[in-house]
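What follows is a set of notes on a single structure, which appears directly below.
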Amino acid sequence: NLIKMSRISRLQNIDGLINALTIVKNQCSLSENDVNLLNDAIAKLNRLRKKKGLTDKNYKSEVSDIIALLIRFFNLML
């Protein structure tokens with residue numbers, strides 16, 4: 001089960017992930033494909049950040065899509 005988080009906690013987590021991905025994107029030597037995957041994840045996080053009134057189920061679905069992108073990114077790094 002998904003742990004219920006307040007909107008503020010969600011936003012803080014999203015902001016932290018956006019910051020971390022931005023640092024990785026800017027500090028590492030990445031292929032164009034890697035950069036595109038990170039840009040897609042960051043864009044989805046920014047859209048998620050702006051959405052209000054999400055149920056836990058909606059939030060979980062959105063986060064799952066973002067995690068799928070990050071898994072693809074990390075698989076490419078291996």
Side-chain angles (χ1 to χ4, degrees):
N1 253 354
L2 192 70
I3 298 172
K4 291 191 178 213
M5 278 192 257
S6 70
R7 179 158 168 75
I8 292 172
S9 295
R10 285 181 180 177
L11 291 176
Q12 289 171 338
N13 289 333
I14 291 168
D15 288 343
L17 189 50
I18 289 170
N19 289 337
L21 294 177
T22 301
I23 289 169
V24 168
K25 187 178 80 166
N26 293 333
Q27 303 273 333
C28 297
S29 178
L30 302 172
S31 71
E32 183 178 344
N33 192 34
D34 292 339
V35 171
N36 289 338
L37 283 171
L38 288 178
N39 283 337
D40 288 347
I42 291 168
K44 284 182 179 270
L45 284 164
N46 279 318
R47 284 193 300 273
L48 181 59
R49 191 181 194 300
K50 293 175 185 172
K51 288 185 178 181
K52 294 183 181 175
L54 288 175
T55 65
D56 283 339
K57 184 177 179 179
N58 296 131
Y59 185 75
K60 185 177 179 181
S61 175
E62 297 279 342
V63 169
S64 294
D65 291 344
I66 295 165
I67 290 171
L69 284 172
L70 295 176
I71 288 170
R72 284 178 46 207
F73 170 76
F74 287 111
N75 280 337
L76 289 174
M77 299 297 291
L78 298 175

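Just so you know, these numbers use all the heavy atoms, side chains as well, and skip hydrogens, waters and symmetry mates.
If you take CG on Leu38 and CG on Leu70, they are separated by 7.5 Å, rounding to the nearest 0.5 Å. Taken to the nearest 0.5 Å, the CD1 atom of Ile71 stands 12.0 Å off from the CD1 atom of Ile66. In this structure, CG on Leu21 lies 8.0 Å from CZ on Phe73, to the nearest 0.5 angstrom. Taken from NZ in Lys50 to CG in Leu48, the straight-line distance is 11.5 Å, to the nearest 0.5 Å. With values rounded to the nearest 0.5 angstrom, Leu54 atom CG is found 9.5 Å from Ser61 atom OG.
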Exercise for the section: Given salt bridge (charged side-chain N to carboxylate O under 4.0 Å, His left out), test Glu62 with Lys51 step by step and report yes or no. Expected result: CA-CA 11 Å; Glu62 297 279 342; Lys51 288 185 178 181; 2.7 Å; yes

Exercise for the section: Apply the test side-chain contact (heavy atoms from CB on, under 4.5 Å) to residues Leu69 and Arg72: give CA-CA distance (whole Å), side-chain angles for both, the deciding distance (0.1 Å), then the verdict. Expected result: CA-CA 5 Å; Leu69 284 172; Arg72 284 178 46 207; 3.7 Å; yes

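Residues Asn13 and Leu17 are not in side-chain contact: their nearest non-hydrogen atoms beyond the backbone lie 4.5 Å or more apart.
Remark: Ile8 engages Ser6, Gln12 in a side-chain contact (heavy atoms from CB on, under 4.5 Å) (not counting sequence neighbours).
Nearest heavy atoms, Arg7 versus Arg49: NH2-O, 3.5 Å. Heavy atoms only, all atoms of each residue included: Lys25 and Leu30 are closest at CA-CD1, 3.8 Å.
A donor atom on one side chain and an acceptor atom on the other are found under 3.5 Å apart for Thr55 and Asn58.
Applying the salt bridge (charged side-chain N to carboxylate O under 4.0 Å, His left out) test to pairs two or more places apart or on separate chains, none has a residue in residues 34-45.
A salt bridge between Asp56 and Arg10 is present, with a side-chain N of the basic residue lying under 4.0 Å from a carboxylate O of the acidic one.
Of the possible donor and acceptor atoms, one in the side chain of Thr22 sits under 3.5 Å from a partner among the backbone N and O of Ile18.
No chain of hydrophobic side-chain contacts below 4.5 Å, direct or via other Ile, Leu, Val, Met, Phe, Trp or Tyr residues, connects Leu45 to Leu11.
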